[in-house]
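Have a look at the structure below, then the notes.
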Amino acid sequence: MSNSRDAIALARLAREGRRYWAGQAGQGIWAAERACIGPLCERWFGPHALELSLAPVLTDMCPVQHALRWAPTPELAESRSTLVCPPDQLALPDGCLDLVVVHHLLEVLPSAHHVLQEAARVTADDGHLVLFGWSPYGTAGCSRVRPEWRRHFHGGGRWRSPAQLSDWLEFVDFEAQRVDYCGFRLPGGPGRNAMLETLGRRYNLPLGDAYMIHARRRSQLIQPQRGRLAFERPVAGPALGGITRLGSSSRRAPD
């Protein structure tokens, strides 16, 4: 995304995304996602955080000293604390952030692998990487077969399951610690149903429209135990494979 054509396309995508998240459907999902990350985020301390998102701020309850927002172009910057750059070329040094949130961008950006690689690069060794995605198995995912849904912003792009993104995380030396589902509703209903949200969150059913993956760097999951090295068991999904960085590996990241 280095030439002017890519910048124009990204700015158009950002405007479409902001319109969706400002609407009724977007606000319903946003509220569910904020309730999902809130209990975790309130326990995360640190000086710096970044949200790669087109929605309103999700982590304003997080006790970080300096929270950055992101925008693809200067005219879309909302404040002086906005990082303006391509999402796959973050203008930040390695390991400088305690919390990085990638919110529904990996579905719609053509360089999704590189965006995740950059998000992992700028996350501190003891930091937290959070990914929000649309679930292909939720109500909205099943409804995508209908042509009218494809015209919506949130119905576009390529939706990947938590298992697929867990495979992607392997390539950037991260491991999923937990997967939480949210945005439960009836087919054709509004973006959030309070009763279904309570039941779905209580049992963490994989039927919500969205999910949140909390990941940590794999090196932080190695704990000494009686003179041996032991790996923590991930909350969701099987243990991932070997430690490999995208930038230094000849292996191709899975689709």
Next item on the list: Run the numbers on N204 and R178 for side-chain contact (heavy atoms from CB on, under 4.5 Å), then give the verdict.
Entry: CA-CA 11 Å; N204 202 26; R178 60 184 294 151; over 6 Å; no
Does a side-chain heavy-atom distance below 4.5 Å link [X] with [Y]?
| X | Y | value |
| --- | --- | --- |
| P162 | Y181 | yes |
| I213 | L169 | yes |
| L207 | L196 | no |
| C36 | R201 | yes |
| Q27 | Q24 | no |

Without swapping roles, check the side chain of [X] against the backbone of [Y] for a donor-acceptor pair under 3.5 Å.
| X | Y | answer |
| --- | --- | --- |
| E175 | E170 | no |
| D209 | C182 | no |
| W30 | P56 | yes |
| T59 | C62 | no |

Next item on the list: Quick one: list whatever passes side chain to side chain donor-acceptor pair (under 3.5 Å) with Q65, sequence neighbours left out.
Entry: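 With sequence neighbours excluded, Q65 shows a side chain to side chain donor-acceptor pair (under 3.5 Å) to no residue whatsoever.
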Check: Who passes side chain to side chain donor-acceptor pair (under 3.5 Å) against T73, sequence neighbours left out?
Finding: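 E75.
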Which residues share a side-chain contact (heavy atoms from CB on, under 4.5 Å) with [X], sequence neighbours left out:
| X | result |
| --- | --- |
| P63 | F45 |
| R80 | none |
| L83 | L50, C85, L90, A91, L92 |

With hydrophobic residues grouped by side-chain heavy-atom distances under 4.5 Å, do [X] and [Y] end up in a single group?
| X | Y | result |
| --- | --- | --- |
| Y20 | L76 | no |
| L99 | L40 | yes |
| M212 | L205 | yes |
| L129 | L68 | yes |

Considering non-hydrogen atoms only, spot the tightest contact between [X] and [Y] and give its length.
| X | Y | result |
| --- | --- | --- |
| E107 | W159 | CG-CD1, 3.9 Å |
| S135 | G208 | CB-O, 3.4 Å |
| A77 | V84 | CB-CG2, 4.1 Å |
| G183 | A32 | N-CB, 3.7 Å |
| R216 | G127 | NE-O, 2.9 Å |
| P87 | W70 | CD-CZ2, 3.7 Å |

Next item on the list: Show your reasoning for whether side-chain contact (heavy atoms from CB on, under 4.5 Å) applies to L131 and L116.
Entry: CA-CA 9 Å; L131 310 178; L116 180 59; 3.9 Å; yes
Note to self: So that I can tick it off, tell me whether R217 and D125 are bridged by a salt bridge, with the cut-off set at under 4.0 angstrom between side-chain N and carboxylate O.
What the structure shows: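 Salt bridge between D125 and R217, a charged N being under 4.0 Å from a carboxylate O: yes.
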Margin query: Under the side-chain contact (heavy atoms from CB on, under 4.5 Å) test against L97, which residue among V64, V122, T123 passes?
Written below: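 Going through the options one by one, the only one that passes is V122.
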Checklist line | Residue list, ring-ring contact (aromatic ring centres under 6.0 Å, His included) with H214, at least two apart or on another chain | finding: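 ring-ring contact (aromatic ring centres under 6.0 Å, His included) check on H214 returns W44, H128.
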Next item on the list: Just jot down the ring-ring contact (aromatic ring centres under 6.0 Å, His included) partners of F132, sequence neighbours excluded, or say none.
Entry: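 Partners of F132 under the ring-ring contact (aromatic ring centres under 6.0 Å, His included) test: H103.
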Checklist line | salt bridge (Lys or Arg N to Asp or Glu O under 4.0 Å) partners of R18, counting only residues at least two apart | finding: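 Partners of R18 under the salt bridge (Lys or Arg N to Asp or Glu O under 4.0 Å) test: E78.
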Checklist line | side-chain contact (heavy atoms from CB on, under 4.5 Å) between H104 and W21, intermediate numbers included | finding: CA-CA 11 Å; H104 294 293; W21 291 108; 3.6 Å; yes
Next item on the list: Would you list the pairs meeting salt bridge (charged side-chain N to carboxylate O under 4.0 Å, His left out) in which at least one residue belongs to residues 29-52, sequence neighbours left out?
Entry: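 Passing the test, one end in residues 29-52: R34-D60, E51-R69.
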Checklist line | Residue pairs fulfilling salt bridge (charged side-chain N to carboxylate O under 4.0 Å, His left out) with at least one residue in residues 90-100, sequence neighbours excluded | finding: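 Residue pairs passing salt bridge (charged side-chain N to carboxylate O under 4.0 Å, His left out), neighbours aside: D94-R121.
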Note to self: Would W168 and R160 count as a side-chain contact (heavy atoms from CB on, under 4.5 Å) here? Give the steps.
What the structure shows: CA-CA 11 Å; W168 283 27; R160 300 175 176 90; 3.2 Å; yes
